[in-house]
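What's counted below: heavy atoms across the whole structure, side chains too, no hydrogens, waters or symmetry copies.
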Amino acid sequence: MRETLRFLLGDRLVELDRCDPTLTVLDWLRLDQRMTGTKEGCAEGDCGACTVIIGWLDRGRLRYEAINACIRFLPTLDGCQLLTVEHLKGADGSLHPVQQAMVECHGSQCGFCTPGFVMSLLALRLNEAQPSVSRIEDALAGNLCRCTGYEPIIAAGRRMDEIAPREADRFLQGRETVAARLTALNDTKTLSLQGEAGRFYAPATVEALADLVSAYPQSTLVAGATDVGLWVTKAMKRLDPVIYLGRVEALHTISDEGEHLRLGAMAGHIDVRAALATLSPQLDELMRRFGGEQVRNAGTIGGNIANGSPIGDLPPALIALDATLVLARRSEGRLERRAIPLESYFLDYRKQDRRPGEFVEAVLVPKLADGMLFHASKISKRFDEDISAVCGAFRLTLGADGRISEARLAYGGMAGIPKRAAAAEAALIGRPWDDEAVAAATAALPQDFTPLDDMRASAQYRLKIAGNLLRRFLIETTQGATETRVAGLLAEAGHG
């Protein structure tokens, strides 16, 4: 094991022998380093005021991503580079082109949110040339501003490459140097750190991970920390020990296995979205609304599933697709794997079929076959950056006679777990895919669910929406010219 945390803060090497497992990047920057450009707004990854950029090696290539510093644990930066708004100033004190664009376009008023917007725009600039307006809006969806109305900030996103060519950006020109330095920092040893609040482990191989989870079955496994971070910042939980999965390169792998996709547990939402979009554009649209871009950069498919939340948006879609979950653990000195239908993994509220020492290794997602129809919908109070009131995902198989031979209807937000609607499915079998079929399935939904009333929606509303989503599915698959999506209407209006 290695007992020193190592990462780059800008160009400076940081080495720490002691660190609390859940010390946030934000607190370390502000309280320890006195780098106060990064702000705390919400402390839950929602407002973007704390946005920083992480550079990490993705299969040997340096990759920059905007993330929320308020819910990212500092020890997870091992082998990475951390960039803050302070690093944008030129050697002569000049503004970076992104900052200059914000000045020229009047993109800042009170200024509290400005560093976060600047860092989100910088991440976009480092990753994409000449982004469209819709892409700029998407990249900024995780940043909230109460002053400007966003239009000046979007204008700055369009202006930044005009002020100075993207290719001349010093962060892009220095990529090879940074990649070489990070390569030297990364190794296959398990990072082990002790702090006053507990111990942190970060293995680099699946075998080492299995050993640790077996030795510490009570540990908290951390992937992107987009939910676990809130356990610390909001619920004030003490997590000891913490086992971080991000250094296990094998868990980041996405592969096409012919009849299905294999998604490693640590595959991030950005890459998972691109992979699932090849199966259906519905999945691309669903994942576009996973929090803001900072959350999508940090979050993983394994974390989204293993967390066991009844309102996670991906499990209903994967259950509808009949996905399989691969679990692994150390047993009698060897690595033992178990494959189960994803729907059987969820037992009860926050209770999953995960044995002591087990962890999620991968998800297998079947491709859609001929004769299959698929649909995914998310209903929430806000379009962007909001948790679902109801999420529905459906897969139907139509026979040669046009009648429904198989139905898989999965919902999130309707019960204590993501769950199939068995009675509604049975009501569809043998029917033509038409209004009468939808009416029969909708009438059966109260047999499947007794939703709760809460701040997001009433039980009555949830049941109504669950049926309406089936009708949307019918309209979209039989009346292609009929608009059913807010995003589609916005696109027609020219807003992306």
Side-chain angles (χ1 to χ4, degrees), residues 41-42 44-49 51 66 68 113 116-117 120-121 124 131-155 157 226-227 269-270 272-274 276-277 280-299 304 309-317 375-394 411-414 454-458 461-462 464-473 475-476 482-496:
C42 65
E44 58 186 39
D46 202 34
C47 75
T51 301
N68 293 304
C113 67
F117 274 100
S120 287
L121 286 174
L124 180 63
S132 65
V133 171
S134 62
R135 183 67 192 94
I136 294 170
E137 291 176 344
D138 198 32
L140 296 179
N143 296 76
L144 303 182
C145 176
R146 299 181 67 181
C147 301
T148 67
Y150 297 97
E151 287 297 332
I153 303 173
I154 294 168
T226 56
D227 192 25
H269 288 323
I270 298 293
V272 168
R273 175 185 172 186
L276 292 181
S280 169
Q282 299 266 340
L283 294 168
D284 180 63
E285 172 62 19
L286 177 68
M287 296 197 72
R288 183 170 76 89
R289 297 175 61 194
F290 273 33
E293 191 137 314
Q294 297 94 322
V295 169
R296 294 195 293 272
N297 282 331
N304 194 260
S309 171
I311 48 177
D313 291 335
L314 202 47
H375 176 95
S377 280
K378 171 177 177 172
I379 302 298
S380 56
K381 290 184 177 181
R382 296 195 311 255
F383 183 82
D384 287 310
E385 266 207 303
D386 202 5
I387 294 171
S388 292
V390 176
C391 181
F394 320 123
Y411 287 95
M414 295 289 289
D454 63 19
M455 62 179 291
R456 294 189 181 91
S458 67
Y461 178 79
R462 283 189 162 103
K464 182 70 172 179
I465 287 297
N468 286 351
L469 294 185
L470 285 172
R471 184 160 300 281
R472 174 191 269 182
F473 182 21
I475 292 171
E476 291 186 350
T482 302
E483 288 291 342
T484 64
R485 306 258 176 170
V486 171
L489 294 175
L490 287 174
E492 286 188 353
H495 295 294

Next item on the list: Kindly determine whether E137 and I154 satisfy side-chain contact (heavy atoms from CB on, under 4.5 Å), including the steps that lead there.
Entry: CA-CA 7 Å; E137 291 176 344; I154 294 168; 3.7 Å; yes
Next item on the list: Could you walk me through whether L140 and Y150 pass the side-chain contact (heavy atoms from CB on, under 4.5 Å) test, one step at a time?
Entry: CA-CA 9 Å; L140 296 179; Y150 297 97; 5.9 Å; no
Check: Taking it one step at a time, do F117 and T51 satisfy side-chain contact (heavy atoms from CB on, under 4.5 Å)?
Finding: CA-CA 8 Å; F117 274 100; T51 301; over 6 Å; no
Next item on the list: Decide side-chain contact (heavy atoms from CB on, under 4.5 Å) for R456 and R462; before the verdict, give the C-alpha distance in whole Å, the side-chain angles of both, and the deciding distance to 0.1 Å.
Entry: CA-CA 9 Å; R456 294 189 181 91; R462 283 189 162 103; 3.8 Å; yes
Next item on the list: Would you sort out whether K381 and D386 count as a salt bridge (charged side-chain N to carboxylate O under 4.0 Å, His left out), showing the intermediate values?
Entry: CA-CA 7 Å; K381 290 184 177 181; D386 202 5; over 6 Å; no
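Remark: the backbone N or O of A141 is not paired with any side-chain donor or acceptor of D384 at under 3.5 angstrom. The main-chain N or O of V390 is never found under 3.5 Å from a side-chain atom of Y411 such that the two would form a donor-acceptor pair. Here the side chain of N143 pairs a donor or acceptor atom with the backbone of G48 at under 3.5 angstrom.
The heavy-atom pair separating I311 from G413 by the smallest distance is CG2-CA, 3.9 Å. Heavy-atom minimum distance, P316 versus A393: O-CB, 3.5 Å. Across all their heavy atoms, M414 and A466 have their closest contact at CE-CB, 3.7 Å. Taking every heavy atom of both residues into account, L283 and A317 meet most closely at CD2-CB, 3.8 Å. Taking both residues in full, the closest heavy atoms of K378 and S388 are given as CG-OG, 3.1 Å, listed atom of the first, atom of the second, then distance.
Rounded to the nearest 0.5 Å, atoms CD1 (I465) and SG (C391) are 12.5 Å apart. Atoms SG and CG, from C47 and N68 in turn, are 7.5 Å apart once rounded to the nearest 0.5 Å. Put simply, CG on N297 and OG1 on T226 are 11.5 Å apart, with the number rounded to the nearest 0.5 Å. Annotation: the span from N468 atom CG to S377 atom OG amounts to 10.5 Å, rounded to 0.5 Å. From I387, atom CD1 reaches atom OG of S309 across 7.5 Å, with rounding to the nearest 0.5 Å.
For the pair R288 and E293, the salt-bridge criterion is not met [side-chain N within less than 4.0 Å of a carboxylate O].
In this structure, a donor-acceptor pair under 3.5 Å is present between the side chains of S380 and R289.
The shortest side-chain heavy-atom distance between I475 and R472 does not fall under the 4.5 Å cut-off. At a threshold of 4.5 Å between non-hydrogen side-chain atoms, the residues P315 and N304 count as touching. Contact check for H375 versus L286: no side-chain heavy atoms found under the 4.5 Å cut-off. Considering only heavy atoms from C-beta on, E385 comes within 4.5 Å of L144 through its side chain. By the 4.5 Å heavy-atom criterion applied to side chains, L276 and L314 are counted as neighbours.
R146 meets the salt bridge (charged side-chain N to carboxylate O under 4.0 Å, His left out) test with no other residue; sequence neighbours excluded.
Classification of the H269-F290 ring pair by plane angle, with boundaries at 30° and 60°, yields perpendicular.
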